[in-house]
Amino acid sequence: MRVRDWVYGVGVAGVLLCGSGLAVAQVKIGVVVSATGPAASLGIPEKNTIALLPAKVAGKSVEYIVLDDATDVTKAVQDTHKLISEDHVDAIIGSTVTPNSLAMLDVAAGAHTPMISMAASEGIIAPMDDKRAWAFKTPQNDSLMAEAIAAHMAGQGVRTVGFIGFADAYGESWLKELTGAAARHGIKVVASERYQRGDTSVTGQVLKIVSVNPDAVLIGASGTPAALPERALKERGYKGKLYQTHGVANNDFLRVCGRDCDGTLLPAGPLLVADQLPDSNPVKAAALGYKAAYEKAYGVGSISTFGGHAWDAGQLLAHSIPEALKKGQPGTEAFRVALRDALASQKDLAVSQGVMNMTATDHNGFDNRARVMVEIKDGKWVLLQDK
């Protein structure tokens, strides 16, 4: 596989021997991940997964050029400019987090380059407009997951909920979606607090939430920084139900949160509990296929749902490139336009996180098959049945 990793120096030059000379790969995919910084626990498995993506599609070789934005918005934009203006990529996968993906979108759309984000916010792809026509994403929409949370809360008798989330676009999106979903289920949001991804204390925010004693608290954060409010709530004696978003669905979160995680509830993609899914689940085979490939390369138990977002982006491209080649050649705007149109036309594509049915107005394409409710028990992810 031809993967150029400008950050880590992976020693593959990204060129093919062709007779007595050298030829660059015929399709170029730029990749921007947050492999360092606060979102590293999400970005590292995404970066690892890129090395598992197809090296050849429809007879064309594929080169993946991987850059690390360090969970920094400015760096993400710089990386996007480089991939487009210097490397002349045909598509971009990235970035890991919502603020970076939103910032990258202006650059990608302006250059008519399809971008597949690995961040969750629905704002990356909606409302559909000329700019977002170039954007796709593989994580489930926040709205899909918020509805699962609110429905579960209602079933558990929850009538009031507190919220503490990131002070950025991710937190904003989750508060918006929680407020709407909670209202539909007769639940009132009685507290709303924010914190920065790099904060080391949320004592003040947690004290405010505990003072109103909601029946449940949703933590609108992702990766290992999402453990901070949960541990603080437990330390302050909070006894209500604790919910997290699908942004914590990896083993690094379990490691950092430790025993404070037990009893936590969250919606997640089927990949997280693929072994526990019934054989009738349409996602099980695809999820287990990715899990087998990742754990063969990186070890048993190393699987992460965030790597699954990168894998699914690769599957989308692998199924779309053949169609795009009918209308243009890599390196041309005609190919990029055709690739965007092919991505938006994918139907019944089973990937590691769900079944995708893209449309001109829905560039995520997931339905309820892309979510399950999970509880953390004794440091493990446990599938909740009929939720």
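- Judged purely by atom type and a 3.5 angstrom limit, Asp87 has no side-chain atom pairing as donor or acceptor with the backbone of Val89.
- Within the 4.5 Å cutoff, the side chain of Val33 has no heavy atoms near those of the Phe306 side chain.
- Taking CG from Asn141 and CD1 from Ile125, the interatomic distance works out to 4.5 Å, rounded to the nearest 0.5 Å.
- There is a path of hydrophobic side-chain contacts, each under 4.5 Å, that joins Leu233 to Val189.
- Minimum heavy-atom separation, Pro225 to Pro229: O-CD, 3.6 Å.
- Asn250 contributes a side-chain N or O that, together with a main-chain N or O of Phe253, makes up a donor-acceptor pair within less than 3.5 Å.
- Taking each heavy atom of Leu349 and Gln315 in turn, the nearest pair found is CD2-O, 4.3 Å.
- Between the side chains of Ser117 and Ser101, a donor-acceptor pair is found at a separation under 3.5 Å.
- Atom CG of Asp68 sits about 8.5 Å away from atom OG of Ser95, to the nearest 0.5 Å.
- No side-chain donor-acceptor contact under 3.5 Å links Ser304 and Tyr294.
- Note: the hydrophobic cluster containing Phe163 also contains Ile219 (ILVMFWY, side chain heavy atoms under 4.5 Å, direct or indirect links).
- One distance of note links CG of Leu325 with CD of Gln26; it measures 9.0 Å at 0.5 Å rounding.
- Around the NZ atom of Lys234, the shell of radius 6.0 Å holds more than 12 heavy atoms that belong to other residues, nucleotides or ligands.
- Considering only heavy atoms from C-beta on, Glu323 stays 4.5 Å or farther from Ser345 through its side chain.
- No donor-acceptor pair under 3.5 Å is formed between the side chain of Arg371 and the backbone N or O of Pro267.
- Within 6.0 Å of atom NZ in Lys347, more than 12 heavy atoms from other residues, nucleotides or ligands are found, so the atom counts as buried in its surroundings.
- Of the residues Leu42, Asp72, Thr71, the one that meets the side-chain contact (heavy atoms from CB on, under 4.5 Å) test with Ser34 is Thr71.
- Between Tyr290 and Trp311, the angle of the ring planes lies from 30° to 60°, which puts this pair in the tilted group.
- Between Gln346 and Ser320, the side chains place a donor N or O and an acceptor N or O closer than 3.5 Å (distance only, hydrogens not considered).
- Listed for the Glu147 side chain is no donor-acceptor partner under 3.5 Å among the backbone atoms of Ala181.
- Rounding to the nearest 0.5 Å gives a distance of 5.0 Å between CD of Gln353 and CD of Gln140.
- Taking all atoms of both residues into account, the shortest heavy-atom contact from Phe136 to Arg340 is CZ-O, 3.5 Å.
- Put simply, the side chain of Gln276 gets close to the backbone of Leu383: a donor and an acceptor are under 3.5 Å apart.
- Looking at every heavy atom in both residues, Val27 comes nearest to Pro330 through CG2-CG, 3.6 Å.
- For the pair His81/Gln78, no side-chain contact is recorded, criterion being any heavy-atom separation below 4.5 Å from C-beta on.
- We find the CG-CZ distance between Asp199 and Phe166 to be 9.5 Å, quoted to the nearest 0.5 Å.
- Asn357 places a side-chain N or O within 3.5 Å of a backbone atom of Asp348 that can act as its donor or acceptor partner.
- In this structure, Ile149 and Trp174 have side chains that are in contact, with non-hydrogen atoms separated by less than 4.5 Å.
- Within the 3.5 Å criterion, the main-chain N or O of Ala227 finds no donor-acceptor partner in the side chain of Asp260.
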Please test Lys82 against Asp79 for salt bridge (charged side-chain N to carboxylate O under 4.0 Å, His left out), starting from the C-alpha separation and ending with a verdict. CA-CA 5 Å; Lys82 179 189 183 302; Asp79 289 346; over 6 Å; no

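- No more than 12 heavy atoms of other residues, nucleotides or ligands sit less than 6.0 Å from atom NZ of Lys208.
- Each of Gln244, Met145, Glu375, Met373 was scored for a side-chain contact (heavy atoms from CB on, under 4.5 Å) with Leu266, with one residue passing: Gln244.
- Looking at Val283 and Val355, their side chains come closer than 4.5 Å, going by heavy atoms from C-beta outward.
- Closest non-hydrogen pair, Asp142 versus Glu122, comes out as OD2-N, 4.4 Å.
- Taking 4.5 Å as the limit, every side-chain heavy atom of Thr138 sits out of range of all side-chain heavy atoms of Val351.
- Between the side chain of Asp262 and the main chain of Asp378, a donor-acceptor pair closer than 3.5 Å is present.
- At least one side-chain heavy atom of Ile124 sits less than 4.5 Å from a side-chain heavy atom of Leu102.
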Verdict with reasoning, Asp341 to Lys327, per salt bridge (charged side-chain N to carboxylate O under 4.0 Å, His left out): CA-CA 11 Å; Asp341 294 343; Lys327 299 180 180 179; 5.4 Å; no

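- Leu228 and Leu175 end up in the same hydrophobic cluster when Ile, Leu, Val, Met, Phe, Trp and Tyr side chains are linked at under 4.5 Å.
- For the 3.5 Å distance criterion, the side chains of Thr264 and Glu230 qualify, holding a donor opposite an acceptor.
- With hydrogens and angles ignored, the 3.5 Å screen pairs no side-chain donor or acceptor of Thr160 with any backbone N or O of Pro214.
- In this structure the side chain of Met358 reaches within 4.5 angstrom of the side chain of Leu316, judged on heavy atoms.
- Between the side chain of Arg236 and the backbone N or O of Val210 there is no donor-acceptor pair closer than 3.5 Å.
- Ala268 and His246 get closest at one heavy-atom pair: CA-CB, 4.2 Å.
- Under a hydrophobic clustering in which Ile, Leu, Val, Met, Phe, Trp and Tyr are joined whenever their side-chain heavy atoms come within less than 4.5 Å, directly or via other members, Ile116 and Val337 fall into different clusters.
- Heavy atoms from other residues, nucleotides or ligands lying under 6.0 Å from CG of Asp130 number 12 at most.
- Cluster membership check: Tyr195 does not share its hydrophobic cluster with Val73, using side-chain heavy-atom separations under 4.5 Å among Ile, Leu, Val, Met, Phe, Trp and Tyr.
- Note: Met115 CE to Lys137 NZ = 11.0 Å, rounded to the nearest 0.5 Å.
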